[in-house]
Amino acid sequence: MHDDHTGEAGHKEQSGQASHDRHEGHSTEMFRRKFWLSLALTVPVVYWSTHIQELLGYRAPVFAGSEWIPLVGGTVVFLYGGRVFIQGAARELRDRAPGMMTLISLAIIVAFVFSWVVDLGIIVAESLWWELATLVTVMLLGHWIEMRSITQAQGALDELAKLLPDTATRITDDGEERIAVSELRDGDTVLVRPGESVPVDGTVTSGESDVNEAMVTGESRPVDKGPGDEAIAGTINGAGSLRIEVSRTGDETKLSGIMRLVADAQSSKSRTQHLADRAARLLTGVAIAAGLVTFASWRIIGAAVDFAVVRTVTVLVIACPHALGLAVPLVVAISTTLGARNGLLVRDRRGLEAARTIDVVVFDKTGTLTMGEFRVVSMTTADGVSEEEALAIAAAVESDSQHPIARGIVKSAEERDVEVPRAEDFRSLPGRGVTATVRGNAYRLGGSALLEDEDGASRDAGLREAAEQAAQRGQAAIYLLDADGTARAVFAVADAVREESRAAVEALHDRDIEVAMLTGDAQAVADAVAEELGIDTVFAEVLPEDKAAAIMRLQQEGKRVAMVGDGVNDAPALATADVGIAIGAGTDVAVEAGDIVLVRSDPRDIPRIVTLSRATYRKMLQNLWWAAGYNIFAIPLAAGALAAWGVVLTPALGAVFMSASTVIVAANAQLLRRWDG
């Protein structure tokens with residue numbers, strides 16, 4: 001699998017490029033290298049500049065050729081450091097989307113050509129070599145800082161890739177062998193020792209341990225693993241050893257799927273990003289127009305040509321939509337990776353953006369709000385019989401049965417840590433239930449038909465009332481009878497509500513969001529679950545093909561709807577909703593139809609999505625207002641509006657202000673990392 005990292009790296013590279021098109025083919029290292037070399041060349045250019053010597057009152061050493069230092073150094077800086085901006089401008093113009101690179105290139109080309117014209121004696125003025133060199137150097141510094149921010153924001157993908165080990169221990173008929181993970185195949189058995197990373201997805205065949213899955217699922221507590229449990233590539237084994245049968249390797253693992261989803265989300269463009277792109281293109285046009293007006297205005301009032309050119313170059317530099325172009329992509333990159341670290345995978349950024357506006361969340365019931373498995377949801381016992389004793393006997397009687405209700409009773413006993421005794425003489429009673437001997441006593445377990453078969457069976461009023469209430473809620477009432485046919489307990493068995501569902505509904509209500517439930521179950525069953533969880537609206541007895549229509553009905557009422565589901569029959573509803581949220585443990589069809597995927601299948605993550613969406617949007621707006629508002633003051637200042645009062649900006653100082661604006665936007669975006677759900 002180590003060899004497969006190249007494919008994942010490709011996804012990461014595409015993500016970075018797509019989220020920041022003007023830096024296509026660029027890297028943090030490239031900008032760092034260009035900055036330091038350009039800085040080394042800029043220092044002598046500035047030091048031997050005549051203008052700087054006059055301004056600071058010193059005289060630089062004079063030797064043969066010293067007068068050519070500004071020209072030579074400035075030219076090298078332009079050709080070496082400025083080339084990256086000119087190439088970027090060429091791409092922007094080729095795509096008919098002039099932007100920041102176009103403005104920077106225009107500024108440095110004007111300064112470069114003007115300085116050569118002056119030094120060739122074509123016009124009498126001061127050359128701009130030191131302004132040109134410092135401008136290019138400062139711009140390289142700004143882009144280096146920007147690329148570092150973007151790389152850090154997308155660093156979660158690199159961290160995920162590091163979770164995959166290079167080698168694994170494969171178990172063969174001849175013993176153990178250490179091989180490259182890429183050589184593993186489905187059906188192989190691997191040994192994962194304490195503290196090692198799980199190399200593949202698979203099923204535990206032997207051994208018990210606790211596994212840290214936080215980096216993949218966001219679950220903070222270690223998860224107990226034993227035979228039959230799923231193992232996920234990239235998770236960290238605890239104190240025990242595990243033997244795992246390989247089921248998925250390479251790009252097929254859940255971890256690789258998460259990386260693809262994150263990369264795709266970072267490369268998709270949100271509505272806010274399109275707005276920022278349009279604003280950046282508009283600002284580019286405004287900056288060019290302002291530069292032309294600045295040059296013409298100063299020439300009309302009699303300013304020297306070099307002064308007018310300097311004002312023009314400063315306007316072009318300070319108005320670069322650098323911060324505007326960074327405002328949204330950096331926030332989105334951070335929010336996407338934050339979500340991934342917390343088990344929220346964003347497939348489409350527009351879905352995350354829309355989550356802040358939803359009015360109602362519609363949950364599919366089975367497998368989402370409920371476990372999709374039978375459990376004992378309540379029990380009533382006869383006098384003198386404890387709940388623990390009754391459940392232990394019932395689980396013992398049902399221990400050899402494969403009926404779903406029987407398995408639910410056994411599982412309920414396991415989850416409540418009830419010690420289940422051994423049963424003997426197990427027999428099925430067709431159409432009625434089962435019977436077995438526990439601790440020397442015969443017991444029978446079954447529904448109402450079992451009682452009808454027992455002429456002498458007795459039930460006290462409490463048991464009878466409990467059974468009737470269970471029936472009204474659409475739950476199965478299972479009786480425990482002793483050898484005399486006396487009912488000792490009644491178990492209400494149903495699709496159990498997840499413990500997390502109640503907290504999820506309460507959290508959504510706290511955010512002023514309605515909660516609805518969509519299910520094909522009978523109305524009584526749906527109403528019982530809704531009453532237990534405090535759900536506002538219930539759509540019951542809904543056929544799979546009608547689920548999307550239920551979503552549309554809510555939308556026609558003017559509500560923005562999020563749908564949460566996990567099955568094949570949920571896919572149309574997920575696609576119809578304004579935000580489709582797929583449970584990660586569900587089917588591939590549902591996952592593909594969702595905008596957001598919950599890795600942990602935990603409904604409490606739904607309100608966390610809303611919180612992350614709102615926090616992300618706030619940061620986007622803050623950055624957009626700063627990036628756009630800054631130019632309202634910067635452009636007139638750069639044009640020389642305060643020149644009469646002695647306030648005049650150089651192009652290099654303009655570049656510093658522009659870079660400072662970019663750094664502020666980047667720093668504000670980084671504050672989003674404090675989000676904790």
Side-chain angles (χ1 to χ4, degrees), residues 226-229 366-367 370-497 521-522 524-525 528-529:
D229 290 333
T366 305
T370 64
M371 302 176 67
E373 299 176 354
F374 286 111
R375 292 290 190 277
V376 175
V377 295
S378 67
M379 69 179 82
T380 305
T381 61
D383 292 341
V385 181
S386 70
E387 290 189 355
E388 182 175 336
E389 179 186 1
L391 184 57
I393 293 171
V397 172
E398 295 281 25
S399 58
D400 287 341
S401 175
Q402 294 302 313
H403 191 280
I405 289 181
R407 303 316 303 161
I409 293 175
V410 174
K411 194 71 176 176
S412 296
E414 292 176 357
E415 291 172 349
R416 301 184 191 194
D417 293 326
V418 172
E419 185 176 346
V420 179
R422 184 174 180 179
E424 299 174 339
D425 303 326
F426 172 84
R427 286 186 299 111
S428 174
L429 305 174
R432 293 172 294 161
V434 295
T435 180
T437 300
V438 180
R439 296 174 182 148
N441 298 313
Y443 294 95
R444 278 162 289 179
L445 208 66
S448 57
L450 184 64
L451 283 182
E452 294 170 2
D453 189 53
E454 295 289 338
D455 295 334
S458 64
R459 289 183 293 168
D460 63 26
L463 297 183
R464 184 169 57 252
E465 182 181 353
E468 291 172 353
Q469 290 177 350
Q472 291 173 1
R473 295 192 296 267
Q475 299 167 344
I478 306 299
Y479 297 94
L480 173 65
L481 307 183
D482 62 16
D484 298 330
T486 302
R488 310 302 294 165
V490 172
F491 303 95
V493 180
D495 182 8
V497 171
D521 285 350
V525 176
V529 174

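- Nearest heavy atom pair, residue His403 against residue Ile405, reads ND1-N, 3.0 Å.
- When all heavy atoms of Leu481 and Ala487 are compared, the closest pair comes out as CD2-CA, 3.4 Å.
- With sequence neighbours left out, Ala394 forms a side-chain contact (heavy atoms from CB on, under 4.5 Å) with Ile409, Leu445, Phe491.
- Sorted pairs that involve residues 419-430 and meet salt bridge (Lys or Arg N to Asp or Glu O under 4.0 Å), not counting sequence neighbours, are lacking altogether.
- One finds the CD atom of Gln469 at 7.5 Å from the OG1 atom of Thr380 (value rounded to the nearest 0.5 Å).
- Between Thr381 and Ala390, the shortest heavy-atom contact is CG2-CB, 3.9 Å.
- Remark: the backbone N or O of Thr486 is not paired with any side-chain donor or acceptor of Asp484 at under 3.5 angstrom.
- Taking Ala436 as the reference, Val397, Ala423, Phe426 meet the side-chain contact (heavy atoms from CB on, under 4.5 Å) condition, with sequence neighbours excluded.
- Taking CG from Leu480 and CD1 from Ile393, the interatomic distance works out to 6.0 Å, rounded to the nearest 0.5 Å.
- Remark: Glu388 pairs with no residue by the side chain to side chain donor-acceptor pair (under 3.5 Å) rule, at least two apart or across chains.
- By the side-chain contact (heavy atoms from CB on, under 4.5 Å) test, Ala492 pairs with Val377, Ser378, Ala470, Arg473, Gln475, sequence neighbours left out.
- The side-chain contact (heavy atoms from CB on, under 4.5 Å) test applied to Val420 returns Ala395, Ala396, Ala413, not counting sequence neighbours.
- Listed by first then second residue, pairs satisfying side chain to side chain donor-acceptor pair (under 3.5 Å) with a partner in residues 406-416 read Arg375-Glu415, not counting sequence neighbours.
- A donor-acceptor contact shorter than 3.5 Å links the side chain of Thr435 to the backbone of Tyr443.
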